[in-house]
Amino acid sequence: RLNPPGDSSFLEDGSTENLARKVADHYSKRTNQTLEEREASPIIHLKKLNNWIKSVLIQLYARRGDAVLDLACGKGGDLIKWDKAKVGYYVGVDIAEGSIEDCRTRYNGDADQNPRRKRFTFPARLICGDCYEVHLDKVLEDDAPFDICSCQFALHYSWSTEARARRALANVSALLRPGGTFIGTMPDANVIIKKLREAEGLSFGNSVYWICFDEEYAQKRFKSSSPYGIKYKFHLEDAVDCPEWIVPFHVFKSLAEEYDLELVFVKNSHEFVAEYLKKPEFAELMRRLGALGDGNLDHSTLSQDEWEVAYLYLSFVLRKRGQLDNN
Ligand code: SAM
C-alpha cells in the first residue's frame with residue numbers, strides 16, 4: 001500500500017490561481033511515454049480500461065460530421081477516438097502548455113519518424129487556456145456552436161470555487177447547440193466520501209493510489225454548507241499527483257440544470273463496464289484494447305487495486321435543452 005506524505009505541503013499557497021497553476025504545472029511536466037514505458041506502467045490496464053470507457057462514450061454519442069469541443073483535452077489521447085467517429089471539426093483546450101504542445105505534435109504527426117502515418121481527417125484548433133476561468137464563448141465565437149462537448153477526467157478541477165464551477169458549465173452551455181451533448185468522466189464523490197468515512201484517518205488508498213484530505217477540508221466537508229472547495233490530494237502511480245476537488249453529484253446536476261443542461265445518465269465506472277461489456281461491439285473493443293485480458297471481467301488482467309481505482313470514477317451524459325437540429 002502506498003502512503004501519503006505526513007505533511008500537507010500542498011497547502012502552502014492555497015489561492016485558487018496558485019492551485020490551478022499547480023495542476024497545470026503537474027500535467028505540463030508529464031512528458032509523452034514511449035510504448036515500452038507505457039506497457040510497463042503499474043496501471044497500464046486501468047489506462048486501457050479508461051480509454052475503453054471514453055471510446056464507448058464517444059461511439060455512443062458522436063455522429064459523423066460533428067463539431068467537437070474537448071475541454072481539458074490533455075495530450076490529445078482521444079484524437080484517434082474522435083477520428084474513428086468521423087467527426088468534422090475538433091477544438092481542444094487545455095491549461096497545460098506542455099500538454100497542448102504534445103497534442104499539437106500528435107495531431108500534426110511526426111512526418112520525419114513516420115512519413116506514412118495517416119493524417120487526421122478533421123481540421124483542428126488547439127488552444128492553451130483555463131477552461132474554468134476564461135469566457136470561452138468569446139474566444140470560440142467563430143467556432144461555435146458545437147454538437148458535442150467532452151470533458152474527460154478533468155471537470156473536478158473546476159470545483160475549487162463556485163465561480164469556476166459555474167464558468168465551466170456556462171462555457172459548455174453557451175457553446176453547445178440546442179440538443180447538443182455533453183459527455184464526461186470525473187471522480188465519484190459518493191465513493192470517495194464513503195471511503196473517507198470508513199478510513200481510520202484522513203487518507204486511504206492501495207498499492208497504486210492514495211487520497212489524502214487535509215484536516216481543514218475534512219471538517220469543512222462535514223460542517224460547512226458549501227459544496228465547493230472540498231480539496232484532497234490525489235496520487236495515482238505513474239499518472240497523477242495534484243490537488244483535486246470533490247464534486248457532489250446532486251449539486252452538479254442542479255447547477256447544470258441552471259445552465260440548461262439536463263442529465264441523461266450518470267454511472268459509476270463499475271456499473272458502466274458491467275452494462276456496456278454486454279454489447280458485442282464494445283466487448284470486442286475491450287478485447288482489442290486488452291484492458292481485461294480476454295475481455296471478460298472474471299478473467300481479468302486488471303489487478304484488484306486497479307479495479308478499485310476505476311470505482312473512484314463515474315461517467316455522465318448531459319443534453320443541452322432545445323430541439324436537435326437535423327439539418
Ligand atoms: N482529457 C484528457 C484525457 O482524458 O486524456 C486529459 C485528462 S488529465 C487527467 C486532466 C487534464 O485536465 C490535464 O491535461 C490538465 O492540464 C487539464 N486541466 C486541469 N485544469 C484545467 C483547467 N482549469 N483548464 C483546462 N484544462 C485543465
Side-chain angles (χ1 to χ4, degrees), residues 15-33 38 41 43-44 46-58 68-82 90-107 126-136 139-140 148-161 163-172 175 182-187 209 228-229 231 233-245 247 269 289 309-310 312-316:
S15 68
T16 309
E17 228 170 77
N18 215 283
L19 288 169
R21 196 62 254 159
K22 254 185 184 159
V23 172
D25 289 346
H26 164 72
Y27 283 105
S28 246
K29 269 191 240 137
R30 287 198 57 82
T31 49
N32 264 336
Q33 291 181 313
R38 193 181 135 76
S41 167
I43 56 158
I44 179 63
L46 175 67
K47 286 181 180 175
K48 289 178 177 178
L49 183 77
N50 286 338
N51 270 321
W52 178 82
I53 291 174
K54 293 191 288 179
S55 295
V56 171
L57 279 173
I58 290 172
V68 180
L69 173 61
D70 193 355
L71 294 181
C73 61
K75 299 166 188 300
D78 294 341
L79 281 169
I80 292 178
K81 303 177 187 71
W82 293 113
Y90 174 94
V91 174
V93 189
D94 199 285
I95 194 172
E97 301 84 352
S99 301
I100 281 291
E101 265 323 297
D102 285 350
C103 187
R104 190 160 287 129
T105 307
R106 183 168 289 180
Y107 176 77
L126 303 172
I127 300 167
C128 185
D130 187 336
C131 299
Y132 314 138
E133 203 68 52
V134 176
H135 284 243
L136 286 179
V139 179
L140 299 175
I148 185 163
C149 173
S150 170
C151 186
Q152 303 297 340
F153 296 98
L155 199 59
H156 49 301
Y157 295 118
S158 73
W159 220 257
S160 51
T161 65
R164 284 171 70 79
R166 283 187 178 276
R167 176 48 38 213
L169 290 168
N171 279 341
V172 174
L175 290 165
F182 179 28
I183 58 174
T185 50
M186 66 179 168
Y209 89 100
Y228 305 95
K231 182 153 55 95
K233 189 167 187 209
F234 182 53
H235 172 88
L236 178 61
E237 281 292 278
D238 191 38
V240 188
D241 210 7
C242 61
E244 300 198 347
W245 289 266
V247 185
S269 290
L289 285 175
V309 178
L312 300 174
Y313 290 87
L314 58 76
S315 301
F316 64 82

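Both counts, for ligands and for their atoms, begin at 1 and track the order of listing. When reading the values below, keep in mind they use all heavy atoms of this one structure, side chains included, and skip hydrogens, waters and symmetry mates.
The aromatic rings of Y90 and W82 are tilted relative to each other, their planes meeting at an angle between 30° and 60°.
The closest side-chain donor-acceptor pair between H135 and E133, if any, does not fall under 3.5 angstrom. Defined by atom type and a distance below 3.5 Å, a donor-acceptor pair is missing between the side-chain atoms of S99 and D94.
With respect to R164 and D130, a salt bridge is recorded, a charged nitrogen being found less than 4.0 Å from a carboxylate O. Look at E244 and K22 and you find no salt bridge, because none of the NZ, NE, NH1 or NH2 atoms lies under 4.0 Å from a carboxylate O. Under the 4.0 Å criterion applied to side-chain N and carboxylate O atoms, D102 and R106 are not assigned as salt-bridge partners.
Closest protein heavy atom to atom 17 (C) of ligand 1: D94 OD2, 3.3 Å. For atom 8 (S) of ligand 1, the closest heavy atom belonging to the protein is Y27 CE2, 3.5 Å. Nearest protein neighbour of atom 20 (N) of ligand 1, counting heavy atoms only, is Y157 CB, 3.6 Å. For atom 18 (N) of ligand 1, the closest non-hydrogen atom of the protein is I95 CG2, 3.7 Å.
Between F234 and L312 there is a side-chain heavy-atom pair separated by less than 4.5 Å. Residues Y27 and C242 meet the side-chain proximity criterion, which asks for heavy atoms closer than 4.5 Å.
Residue contacts with ligand 1 include K54, since one of its heavy atoms falls under 4.0 Å from the ligand. Distances from ligand 1 to the non-hydrogen atoms of G129 include at least one value under 4.0 Å. Ligand 1 lies within reach of A96, whose nearest heavy atom is under 4.0 Å from it.
Looking at Y132, F234, F153 and measuring to atom 22 (C) of ligand 1, the nearest heavy atom belongs to Y132. When the options G74, C103, A72 are ranked by their closest heavy atom to atom 1 (N) of ligand 1, first place goes to A72. Among I100, L79, D130, N51, the residue whose heavy atom sits closest to atom 23 (N) of ligand 1 is D130.
F316 meets the ring pair (Phe, Tyr, Trp, His ring centres under 6.0 Å) test with F182, F252; sequence neighbours excluded.
In terms of polar-atom proximity, C131 is counted as a contact of ligand 1, with an N or O under 3.5 Å from an N or O of the ligand. Remark: ligand 1 and D70 share no N or O pair separated by less than 3.5 Å (distance only, no angle test).
Looking at C73 against ligand 1, only its backbone comes within 4.0 Å, counting heavy atoms.
Atom numbering of ligand 1 starts at 1 in the shown order; those under 4.0 Å from a heavy atom of V23 are 19 (C), 20 (N). Heavy-atom proximity to Q152, at under 4.0 Å, picks out these atoms of ligand 1: 1 (N), 2 (C), 4 (O), 7 (C). Taking every heavy atom of R164 and a limit of under 4.0 angstrom, the matching atoms of ligand 1 come to 23 (N).
Of all non-hydrogen atoms in A72 and C131, the two that sit nearest each other are N-SG, 3.8 Å.
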